[in-house]
Amino acid sequence: GSIQIHWVSGEDWDRLPGGLDGGLSQFSLPAPRGTDTYGYGDPAQHYTYAETPPLVWNLPLDAAFHSTNPHGWPRLSLNCYGLDGLGREVPLGSGGVALPTTRGRHLLRVPTYRPVHSSQYGAWIGWLTGKLPEFHDPCFAAKAANRDVTRVEATGSVLVQVDVLHRGMEQAGYAVG
């Protein structure tokens with residue numbers, strides 16, 4: 001599968017030049033069961049999977065934000081895509097998470113979900129044509145508006161490693177850890 005990433009922040013926040021607004025990863029496929037190694041061929045690092053093997057996307061992104069207040073703290077929006085049984089690219093799930101407020105390296109688990117069809121007939125037609133429901137706004141999962149009226153199903157989670165650096169927060173009167 002592949003993953004699409006976008007930054008979402010409030011109106012008081014500005015993106016500083018030099019970073020990317022988002023990104024799209026390469027398409028990754030899981031290794032066959034029992035053959036994956038994170039040790040790059042080291043037999044001591046082999047392990048078998050109890051469930052679906054993980055996908056690994058190495059997608060470094062850099063973003064810098066500026067604001068005069070913490071309202072609308074930046075969030076990360078994720079959209080995951082994969083192949084169905086017929087080899088068509090379909091949406092697997094979307095998720096959003098607020099960036100940590102403390103500096104340092106953080107490992108975030110982002111729950112993912114996708115919209116469901118409003119009828120069984122629509123679900124059948126969607127499967128047949130490969131057109132599964134998808135949010136029109138790629139940043140929808142990271143926003144609060146209208147999420148409470150959207151029918152969704154849980155699809156898993158994505159682990160994201162982020163490094164947070166603050167500059168000038170103490171001078172503005174904020175206590176950061």
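- Under the 4.5 Å side-chain criterion, counting only non-hydrogen atoms from C-beta, Pro91 is not in contact with Arg114.
- Here the side chains of Tyr113 and Thr150 are not in contact, with every heavy-atom distance at 4.5 Å or above.
- Side-chain contact check for Thr112 and Thr155: at least one donor-acceptor pair (N or O, by modelled atom type) lies under 3.5 Å.
- Note on Trp7: it clusters hydrophobically with Val97, by side-chain heavy-atom contacts below 4.5 Å among ILVMFWY residues.
- Under a hydrophobic clustering in which Ile, Leu, Val, Met, Phe, Trp and Tyr are joined whenever their side-chain heavy atoms come within less than 4.5 Å, directly or via other members, Val160 and Phe65 fall into the same cluster.
- Atom CD of Glu153 has more than 12 neighbouring heavy atoms from other residues, nucleotides or ligands inside a 6.0 Å radius.
- Taking CG from Leu99 and CG from Asp163, the interatomic distance works out to 11.5 Å, rounded to the nearest 0.5 Å.
- Atom CG of Leu83 sits about 10.5 Å away from atom CZ of Arg88, to the nearest 0.5 Å.
- The shortest distance between side-chain heavy atoms of Val152 and Val116 does not fall below 4.5 Å.
- Using a 4.5 Å cut-off on side-chain heavy atoms (C-beta onward), Leu76 and Ile5 make contact.
- Looking at Trp73, its side chain never comes within 3.5 Å of a backbone N or O of Ser9 through a donor-acceptor pair.
- Between the CG atom in Leu159 and the CZ atom in Arg109 there is a gap of 4.5 Å [rounded to 0.5 Å].
- Grouped with Leu92 in one hydrophobic cluster are Val90, Leu132, the linkage being side-chain heavy-atom contacts under 4.5 Å among Ile, Leu, Val, Met, Phe, Trp and Tyr residues.
- Across every non-hydrogen atom of Ser2 and Leu24, the tightest pair is OG-CD1, 4.4 Å.
- Using a 4.5 Å heavy-atom cutoff, the side chains of His66 and Trp13 are not in contact.
- Annotation: His71, atom NE2; neighbour count of heavy atoms from other residues, nucleotides and ligands within 6.0 Å does not exceed 12.
- Between Gln161 and Arg105, some side-chain heavy-atom pair lies under the 4.5 Å cut-off.
- Side-chain atoms of Arg151 come within 3.5 Å of backbone N or O of His117 as a donor-acceptor pair.
- Using a 4.5 Å cut-off between side-chain heavy atoms of Ile, Leu, Val, Met, Phe, Trp and Tyr, with links allowed through other members, Leu59 and Val110 fall into the same hydrophobic cluster.
- Contact annotation: the side chain of Lys143 approaches that of Asp137 to within less than 4.5 Å [non-hydrogen atoms, C-beta and beyond].
- Here the closest non-hydrogen pair linking Pro138 and Asn79 is O-ND2, 2.8 Å.
- Here the side chains of His6 and Phe140 are not in contact, with every heavy-atom distance at 4.5 Å or above.
- Side chain to side chain, Ser67 and Asp12 fail the donor-acceptor criterion of an N or O pair below 3.5 Å.
- Contact between Val164 and His166 at its shortest, heavy atoms only, is CG1-NE2, 3.6 Å.
- Smallest separation of non-hydrogen atoms from Arg75 and Ala98: NH1-CB, 3.4 Å.
- Of all heavy-atom pairs spanning Ser77 and Ala142, the tightest one is CB-CB, 3.7 Å.
- The two residues Cys80 and Val158 come nearest to each other via the heavy atoms SG-CG2, 3.7 Å.
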